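Let me begin by presenting the structure, written as structure tokens, before commenting on it.
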Amino acid sequence: MGEALLEVRNLAKSFGALRATDGVDLEVHEGETLAIIGPNGAGKTTLISQLAGNLRSDAGRVRFAGEDVTALSAPRRARKGFARSFQITSVFPEFSTLENVALAVQAHAGHSLRFWRPAMSDPALIEPARQVLKEVGLETRAGVIAANLSHGEHRQLEVAMALATQPRLLLLDEPMAGMGIEESERMIALLASLKGRLTIILVEHDMDAVFRLADRISVLVYGRIIATDSPDKIKLNAEVRKAYLGEEA
Amino acid sequence: MKTRAILWGAFVLLLAALPPVALELGQPFYLDLVRRIMIFAIAAISLNLILGYGGMVSFGHAAYLGVGGYAVGILAFHGFDNGLLQWGAAIGGSALVALAIGAVSIRTSGVYFIMITLAFTQMLYYLGVSLEEYGGDDGMRLRTRSEFPLVDLKDPVTFYYVVLGLMLLSIFIVFKLVNSRFGMVLRAAKSNEARALAIGFSPYPYRLAAFVIAGAMGGLAGALLVNHTSYLTPDFMHWTRSGEIMFMVILGGMATHAGPVAGAFAFLLVEDMLSAWVPLAFVREHWQLFLGPLLVLSVLFFRRGLAGIFGKHDG
Amino acid sequence: MTFILFFEQLLNGVQLGVTLFLMAAGLTLVLGIMNFVNLAHGSLYMVGAYLMVAATQWTGSYPLGVALGLAGTLLVGMAVEVAALRPLYARDHLDQVLATFGLILFFNELVAIIWGRASLYTSLPAWLQGHVELLPGSIYPVYRLTVIGVGLFVAFVLWYVVTRTRLGMLIRAGASNRTMVAALGVNIRLLYTVVFGFGAALAGLAGLMAGPIYSVQPGMGELILIQVFVVIVIGGIGSVRGALVGALIVGIVDTLGRAFLKPLLGHVISPPAAEAAGPALASMLIYLLMALVLAVKPAGLFTSR
């Protein structure tokens, strides 16, 4: 299968006495969708933040595309091809939907030390932004101030912003959280359309979504990966069922 | 959109028509008052760039008034009256000081940022006090106004129009800046820093650049102010000055283009009214006793500022 | 001779340091626990000084004046907290700065109306006026020694309260993690008022002790307040230990700088140049020190987080 796009070795982070992640090993290959599941408090969001560079790890290494990125800050990693969504919606609320995405395009394009020309009439930013909005199905909401979007639309916008940075690796922290059935379906369809084109790490509680989208599943419990396998095998894994699915084995 | 353009047009016309009217009525005092207000408006416009659009609560904007003022004053003291040289030194010097202060303080945030900008400004204030050669605590008189080819600032009306022009230019510059790519990053980092980081922006250099630009514009206001008062004292940099400029921005409405101007007019007119026009001698003498609670109330109940009355934020 | 001069200036520095500490201790706790920027902390210092002067003149007794000054500042502090500051806790730092700035204007003017704008000087009782010989050939004012003693004593009491009592445990927990204290089911509002009143009384104590040394005048609080900010930035927000160390450093550096920088510079550069640059540099010294600390440790020397 060749070298992994993302290679994580022995990653750890503690908050005081609490070990949020405790020696996590991961390998994700180009084009693969890896889902990370686990009970609440297992350390999933901490892990995503460590991968994205928002949290400094206590120990361990992260290699991305053959390069050690452990010491890089979040913006530096973003420019290397990392993109993330947040568990709690995180957009630029005062800006319009289109501006949110155009900012992400601009972040990827560099050239931000331009002081004079209006950014929002610059086709180099606006056209790719519109393209991405179309892809996620938000094109009719381009002019709406982001604060006024619905919850489901916020989630779509987050994915749009991640896509606009033309990432190689997408880190999605519970993109389906708080969504209704219809919204969830739309999100699953969107993510399915990205599958294969992008490498995705998906943290999600919605098991239906996970089993439909994931190529492999890792189970995180108390900060440790206790199993990584194909969805079918994970379903049958007794240890996983006991620790996570809550069934009596 | 249309109403806003009309309001702006009317405002500019009104300001442009003031000198002939005031002189006709034999009230040159108003010329002086409005010129002073417009100079502070420039300072407030520049603070709005970093405070309103950049989210940096700088409690030290008077520092640049001081640096700009001292640049002009010191050059004039040594016999250099050329305005281009003086104002260039004022703008460049303030930019350099802003670079030094910003480089240290922008690494921090929140309360630290407020305290540090205040502390550095106080340092410059004490520096001014200790410059015995330039009058120390008492300050010194500016021998003559800055001298330019073709333009004679000694003529109060000419000086008035120069200040008006520079104020409009400042509004335009900030308008262009905040809508440029640079401004987008600056505002995005204020709006949601975690998100800005996640898409790949490192806010520090953009914030620092904005801080330096604001400092340079503040320096220009300082150069104008010393020409206006013809007198230079460390009080240009007094910490209450910084607070007043901040109040102008808030009172008018942060992150709006009209806000700082409206705020400067409102603040200084209220100050002027309390201290000179109110018929009660007690109020005139102790106007700060009334201004203080007025400011507290405006913070508590008038959060959106004057520009908020006319509508939403513009960017 | 130079050693004795140095020794005396060092004591002066310590005396300024403990004054700064009394101010900084309350302010840093208010900042750490309530996340509240209170510019009017300097006004409480001023109020303490004025009340002491007035009460001493009124009662004719210095100890009574001190007691009334302290109690009065405590009351003023609590009244300000309840009337003006509470609505601001939920606001952002900018609103807090602006509103307390308005309070400063009010207090300075109020004081000027009641007592006038001219400086007031207070006379100390005879038993505080003398000098003692600390070292052979070095005599030092009893009053300044008393200030140092009181300051260090308060520091000790504070240390005891903060590290050894239940209230102190709450204060420490609150300074590092506000939501946790709320989760413990503590009456936050009461804790805030207690801490604020505590801080106000300490500021008043600093003011009424500084009164006889410096002049008592409107605006005296803000001059020291900004130095106190430097102390807190150096020491780290929310840390009483940081406040003590920072205050002593700032007090000593400032005092020694003003005393010795000019003659020292005179050895390096020409005396006329030192004459000009010395005072300028001395007045900037603590701010440069602050910049240096920030460059190395942006969150201060003692971080509570």
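Fair warning: this is a prediction, and the values are worked out from it, not measured in the lab. A, B, ... follow the sequence lines: proteins, then strands. Residue 1 opens every chain.
- If you take CD1 on B/Ile116 and CZ on C/Phe229, they are separated by 11.5 Å, rounding to the nearest 0.5 Å.
- Residue contact with chain C, scored on non-hydrogen atoms closer than 4.5 Å, is absent for B/Leu124.
- To the nearest 0.5 Å, atoms CH2 (B/Trp239) and CD1 (C/Ile104) are separated by 3.5 Å.
- No more than 12 heavy atoms of other residues, nucleotides or ligands lie within 6.0 Å of CZ in C/Arg241, so this atom counts as exposed by the packing criterion.
- Between B/Met115 and C/Leu39, the closest side-chain pair of non-hydrogen atoms is not below 4.5 Å.
- Comparing C/Ala277, C/Ala291, C/Gly102 by heavy-atom pairs within less than 4.5 Å of chain B, the highest count is held by C/Gly102.
- In this structure, the portion of B/Val57 lying under 4.5 Å from any heavy atom of chain C is its side chain and not its backbone.
- With a 4.5 angstrom heavy-atom cutoff, B/Gln288 touches chain C via backbone and side-chain atoms both.
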* Give the intermediate values and the outcome of side chain to side chain contact (heavy atoms under 4.5 Å, CB included) for residues B/Val111 and C/Ile232. => CA-CA 10 Å; B/Val111 191; C/Ile232 292 177; over 6 Å; no
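- A distance of 6.0 Å separates CD in C/Glu109 from NE2 in B/His286, rounded to the nearest 0.5 Å.
- Of the possible polar contacts, one joining the B/Tyr112 side chain to the C/Ile237 backbone as a donor-acceptor pair under 3.5 Å is found.
- Here OG1 of B/Thr240 is found 9.5 Å from CG of C/Asn108. Values are rounded to the nearest 0.5 Å.
- Between B/Leu300 atom CG and C/Asp95 atom CG the span is 8.0 Å, to the nearest 0.5 Å.
- Both the backbone and the side chain of C/Met284 come within contact range of chain B, each with at least one heavy atom under 4.5 Å from a heavy atom of that chain.
- In this structure the side chain of B/Phe59 reaches within 4.5 angstrom of the side chain of C/Phe101, judged on heavy atoms.
- In this structure, the portion of B/Phe282 lying under 4.5 Å from any heavy atom of chain C is its side chain and not its backbone.
- Residue C/Val37 touches chain B through its side chain alone, counting heavy-atom pairs closer than 4.5 Å.
- Annotation: side chain of B/Ile114 is in contact with side chain of C/His93 (closest heavy-atom distance under 4.5 Å).
- With a threshold of 4.5 angstrom between heavy atoms, C/Leu285 does not approach chain B through any atom at all.
- Side chains of C/Leu94 and B/Val299 form no contact here, defined as non-hydrogen atoms less than 4.5 Å apart.
- Here the side chains of B/Gln122 and C/Tyr287 are in contact, with some heavy-atom distance below 4.5 Å.
- Once rounded to the nearest 0.5 Å, the distance linking CG of C/Leu281 with CG of B/Leu127 reads 9.5 Å.
- Residues C/Met290 and B/Ala119 share a closest heavy-atom pair of CE-CB, 3.7 Å.
- Side-chain contact between C/Leu98 and B/Leu295 is absent, with no heavy atoms from C-beta onward closer than 4.5 Å.
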